Structures are given as C-alpha cells and as structure tokens.
Amino acid sequence: MLAWSAAHGRTLPEREAREPWRVLVIEVMSQQTQIARSLQAAVTFCARFPTPQSLAEASPAEAVRAWAGLGYNRRALALRAAAQAIVERHAGRVPADLAALLTLPGIGPYTARAIAARVHGLPVMPVDVNVRRVLGRLLGDADTAAVQALGDAIAGSVARDGPGQAEPTAHPGEIADALMDLAALVCRPRHPDCPACPLEPHCARARSVGQLVGGAAAVAPDRRPRPERPRSTPATPFPRSRRWLRGQLLRELRLAPPGAWLAIEGSRGMHGHTAVREALSALAAEGFVELDEAGRARLAEG
DNA sequence: AACACGGGGTG
DNA sequence: CACCCAGTGTT
C-alpha cells in the first residue's frame, strides 16, 4: 500500500496541516463540504479564531457568521462547544487521546481518529465511507465494528512494525491517506480497477469476482448502489423543505448588523407565517437565535 | 434503524 | 430542476 501510495498517491494541500487546532477545524468542516471549499473556509475561520480559546470566548453569532457558506450550521455551534470543552478540560490544547476526543461535541468516530492519527500519530484509522468501502471489500462482508477493528489493527501494525521486513515504520496518517487515495483512484464505488490494486491478492471481493468471471483480467463493475427511490412519495422540492427555510432565515440573520434585532414577517417561499415562526422557535431552542418580547430575532449573542 | 441537518455543484 | 454528496446527534 505504501509503495503504491508513493507511486500513485495524491498530494493534497489539507494534508500539510499539522497544527492541532487547524487540523480539527479542517476535519470538522470536511465532514460535510467538498475539500476545496472547506480548505478555503478553514483559512478564513482560523484567521478569525486562531486558537480554541478564541472560539470559546466568541458568541454563537460570531461562530455562525464565520460558518457562512458551509452548511450544517449546527457544526459551528458544536465546534464552539468543543472549543469551550478544550479550554475547560484540557487547558486549551486539543487532547491527545481518543476517548477524550470522542467526548467533544461534533467529534465522532471518524473525526476523533483523524485528529488522533494525523496530529498525534496514534495508531488508529479514520474510517470514512471510502475507507469503509476498501476494507469492507477486503473482508468480504463485514459490519462497521469489524471494519473499524481492521482499520485500527492496520494502523497499529504498520506504525509498530513497518509495512514489511526491514522497512521503516509509517505514520498512521500516511496509511489513512493511502487508503483514501486507493478508494478514490482504484477501489472506486462503481468500477473498481482490481488489477491495478495492491491489495488485490488479499481481497475477498476481487477473489469472488475473479472466480465468477474466471480471471483477474475481466472484473465486472459492482452493481451495488441501488438508487431505489420511492417514486410514489418524491422527495420534497428543495425550496419548500424545512431545511431550506432554516437556511434562508439564518442567511437573513447573518446579513443583519451584529446585535441588531430583525423583525421577520410574512412568508418565505412556500412557508407561511406560522411555519416561519415555528422555524425561528426551533432555531432559538437550538441556540442559533434569540427572540425578544416583540418576536424579533437575531443571532444569539450569549 | 431511521431521520434531520445545508450548502454548492452537476447534468 | 432533480439529483448528488456523507459524519454526527437525536429519537
């Protein structure tokens, strides 16, 4: 894998980040956003909030404004809460062990391991859908726990012993990057290029397909991703979804001068006055906005 | 296990 | 306009 990675792997700018807080911010952003955009956003965000403490001291409004254009705005609040936890429980420094990382708001199994491996060199594997696909195929049929266990075992093994006899050990982050590159370039969702894969001799899927067609030269594409979508109840058109309404309201509130109360009246898209009030109440309950006695709204300053 | 959560990009 | 993307938290 490492030899393949050296020859065919990608060089992505986000992999050069080493500073723990920056890595954390990039990883949280890239949970939901194309890497090019999240990288650009991380530059702006980290200039505004260069340390956990600086974000911990900021208002929800400031965090949400800095999150503009990224979507999944709850992550801005979670990241702020994580920064506060880092300040309170870890003296303002990103914790170095997996269990501590997993307690942070918005940090789940993937992100905790991404930080632990990339920043601290811990022998764990961040398993996203791409790594999940590679290791899942390798094992044949495996549940999430088995895939995670294999991933962590691989990271541990290579970090401890090196990829082979008399070879230097590798950083766990390199193994993760190598698997992600393999997932993107070779072990693709629909048309995996098994003959080009360094893991092919060990792979359960390649073996079963090879048996099926009688050779490794002809590898059939996966028929997998069933697009099966209920035709009878089509997904709600975007402009009328609740997601859209929430995004629209947050967009308006972000645009208002900081601290100013905004009277939000009338309807938005397909949503009547009542739906708008309900959405504002929900946003208030979740900590995005505050409402005054007159029902006016602003991003939460507290 | 199912659902909610948001943007931008593509065809 | 329909559809795609994909980790975390809640129910």
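Letters go in sequence order (proteins before strands), and every chain restarts at 1. Since we're looking at a predicted model, the values are computed, not measured.
Counting only heavy atoms from C-beta outward, the side chains of A:R246 and A:E286 approach each other to under 4.5 Å. You'll find the side chain of A:V94 stays beyond 4.5 Å of the side chain of A:L104, heavy atoms only. Counting heavy atoms from C-beta on, the side chains of A:W4 and A:L185 come closer than 4.5 Å. Side-chain contact between A:R37 and A:M29 is absent, with no heavy atoms from C-beta onward closer than 4.5 Å. In this structure, the side chains of A:V134 and A:M180 stay at 4.5 Å or more apart for every pair of heavy atoms.
When the side-chain nitrogen and oxygen atoms of A:R254 are compared with OP1 and OP2 of B:dG7, one or more of them lie within a distance under 4.0 Å. Note on A:R246: a side-chain N or O is less than 4.0 Å away from OP1 or OP2 of B:dG6.
Between the side chain of A:Y72 and the base of C:dA6, a donor-acceptor pair under 3.5 Å is found.
Counting heavy-atom neighbours within 6.0 Å of A:E252 CD, excluding the residue itself, gives a total above 12. Crowding of A:D141 atom CG: a count of heavy atoms from other residues, nucleotides or ligands under 6.0 Å not exceeding 12.
Rounded to whole angstrom, the span from the CG atom of A:L245 across to the P atom of B:dG6 amounts to 11 Å. Atom CZ of A:F288 and atom P of B:dA4 are 16 Å apart (whole Å). To the nearest angstrom, C1' of C:dT8 lies 13 Å from CG of A:L79. What separates CG of A:N73 from C1' of B:dG7 is a distance of 9 Å, to the nearest Å. Residue A:R242 contributes atom CZ, which lies 15 Å from atom P of B:dG7 at whole-angstrom precision. Atom P of nucleotide C:dT8 and atom CD of A:Q148 are separated by 10 Å, given to the nearest angstrom. Rounded to whole Å, atom C1' of B:dG7 lies 15 Å from atom CG of A:L249.
Of the charged side-chain nitrogens involved, none lies within less than 4.0 Å of a carboxylate oxygen, so that A:D177 and A:R10 do not count as a salt-bridged pair.
Distance noted for atom P between C:dA6 and B:dT10: 15 Å (whole Å). For the P atoms, the distance linking C:dT10 with B:dG6 amounts to 14 Å, nearest Å.
Sorted by residue number, the members of residues 109-117 of chain A with any non-hydrogen atom under 4.0 Å from DNA chain C read A:P109, A:Y110, A:T111. Within a heavy-atom distance below 4.0 Å of DNA chain C, the residues of residues 27-39 of chain A found are A:Q31.
Taking the side chain of A:R243 as heavy atoms from C-beta on, and the options B:dA4, B:dG7, B:dG6, the nearest nucleotide is B:dG6.
In this view, A:T44 satisfies the side-chain hydrogen bond (donor to acceptor under 3.5 Å, both in side chains) rule with no residue, not counting sequence neighbours.
Counting any heavy atom pair closer than 4.0 Å across all strands shown, A:L250 reaches no nucleic acid atom. Note on A:R132: nothing from the nucleic acid sits closer than 4.0 angstrom, heavy atoms only.
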